[in-house]
Amino acid sequence: MSRHPALDLAAAVAAQLADPDTAHYGTQAASSDRQHLAYGPPGIALLHIELAANGIGPWHRAHDWLAATARQPITSGSDSHPFYGAPAFAHALACAAAHLPGSYQRALNITDHQVAADARRRLDAAHRRIDTGYLPRLAEFDAIRGLTGYGAYLLRRDSGSPIVRAVLDYCVRLTEPITHHGETLPGWWTETGPSGRPDGRFPGGHANMGIAHGIGGVLALLALAARKGVLVDRHHAALRTILAWTDNWREETSSGPAWPYWLTRGELRNGRLVPSAPRRPSWCYGTAGLARAHQLAAIALGDTARQIDAENALVAALTDPGQLRATTDNGLCHGFAGLAHLATRTADDAHPATADRLRATIPALMAAVHPPGADPTHTAAALVRDEAQGPGLLDGAAGTALALLAPAIAAPPLSAWDTCLLIAEPST
């Protein structure tokens, strides 16, 4: 029996990215990307780690990419974040160490200490900010740069630790409303645009709903912790607060339910969304990622009706021609490969009433990346040489190949590489 074509594609991408000293980084790569999980060697290492864990590739490639990350001192402290520096390196190390007992343990011990110390400093600053009544920055709490991302790593490494509970306590506090200039706002409202910088298109700021940069990531972290049995005071109440708020701003379209990427101050004051064209569903923003977060929260709360509703929302998004037309790339973050991975992970936890419908969407998503009969070597070369997307994890070739592995193998990732995306329960 021949193996799934996506496995050949992943192997071909890995061969193109075999050696960090000769791999094509693209014109967009910068020296600062060396420590970046999204664009640099730590993210590319994840592809080699997952392939090696499955017996499809050699471990020495994974080691070479980890070594490439560590050739210079790893950044920690205020200049690092979950996708850059010590936390990014730690995530890749943890994925490898899970399958190589004893390997990387000294480096992991050092990075774990650094990550925990950085998280404590950020928590102290966040609580001071709340105490003074200021609004948060996205980078305070989001999955890419903030405490939600720290929580994802810490929950995986030591779910019973005090620092994990401290992050969860902060997430609960973030869901409490805040009064700003006499107006009551959600506790996660920011004064900037989605980029994290002042933006004239967002007078009065916005409330971000995505998993990557918004309250969707907080919802997912709280749900994943609850499923693991890690609960803090008012944990379930915080889950219900976020669910009720996102329920209130969910649109009912002709194709099914859909969530906006964010809410503006004008929309909040008017009590209704400004109409827009169909937006792409994706992990980072939109219906796909938020549907997964809703599913995880529903399972944690034992709410079967809500769980099925979330799963049906994802099916609707993945079969809506308008939303699929808005999806224009192959990547993990907001492309077809990421959707295939999300659908697979959601189907793994789905109610029997919806699991088969979710799985039925996956072949077309995978075919959009690698059409049946296409030469995997040619597809891999095109992905790696795509100057706009690069070879990295979030947008590029490594992430595209990695995202297709779980649907191709029909099994969860062995390395648990996707815990950094807050869509999967951390391994024990």
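This structure is a prediction, so every number in the text was calculated from the model and none was measured. Counting begins at 1 with the first residue of the sequence.
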Here the side chain to side chain donor-acceptor pair (under 3.5 Å) pairs for residues 7-19, sequence neighbours left out, are Arg3-Asp8
Can you tell me if His341 uses its side chain to pair, donor with acceptor, with the backbone of Ala406 under 3.5 Å? no
Using the test side-chain contact (heavy atoms from CB on, under 4.5 Å), find all partners of Asp118 that sit at least two apart in sequence or belong to another chain. Ser76, Ser80, Arg121, Tyr150
Not counting sequence neighbours, which residues clear ring pair (Phe, Tyr, Trp, His ring centres under 6.0 Å) with Tyr285? List them please. Tyr261, Trp262
Can you tell whether the side chains of Asp131 and Arg173 come within less than 4.0 Å, N to carboxylate O? yes
Tell me the ring pair (Phe, Tyr, Trp, His ring centres under 6.0 Å) pairs involving residues 380-414, sequence neighbours left out? none
Donor-acceptor contact present, side-chain Asp33 to main-chain His36, <3.5 Å: no
Would a distance-only check, ignoring hydrogens and angles, find a side-chain to backbone donor-acceptor pair under 3.5 Å from Trp259 to Met209? no
Rounded to the nearest 0.5 Å, what separates atom CG in Leu147 from atom CG in Leu123? 5.0 Å
Please tabulate, for side-chain N and O atoms in residues 308-316, each donor-acceptor pair with protein atoms closer than 3.5 Å (sequence neighbours left out).
residue: Asp309; atom: OD2; partner: Arg250; partner atom: NH1; Å: 2.7
residue: Glu311; atom: OE1; partner: His351; partner atom: N; Å: 3.2
residue: Glu311; atom: OE1; partner: Thr354; partner atom: OG1; Å: 2.3
residue: Glu311; atom: OE2; partner: Gln295; partner atom: NE2; Å: 2.9
residue: Glu311; atom: OE2; partner: Gln307; partner atom: NE2; Å: 2.8
residue: Glu311; atom: OE2; partner: His351; partner atom: N; Å: 3.4
residue: Asn312; atom: OD1; partner: Arg357; partner atom: NH1; Å: 2.6
residue: Asn312; atom: ND2; partner: Ile308; partner atom: O; Å: 3.4

The single option from Arg128, Arg129, Arg122 that satisfies salt bridge (Lys or Arg N to Asp or Glu O under 4.0 Å) with Glu140 is Arg129
Give a yes or no on this: more than 12 heavy atoms of other residues, nucleotides or ligands lie within 6.0 Å of atom NE2 of His60. yes
For Asn248 and Ala244, indicate whether the former's side chain and the latter's backbone hold a donor-acceptor pair under 3.5 Å. no
Return the set of residues passing side-chain contact (heavy atoms from CB on, under 4.5 Å) with Arg227 (not counting sequence neighbours), or none when no residue passes. Leu296, Ile299, Ala300, Asp349, Glu425
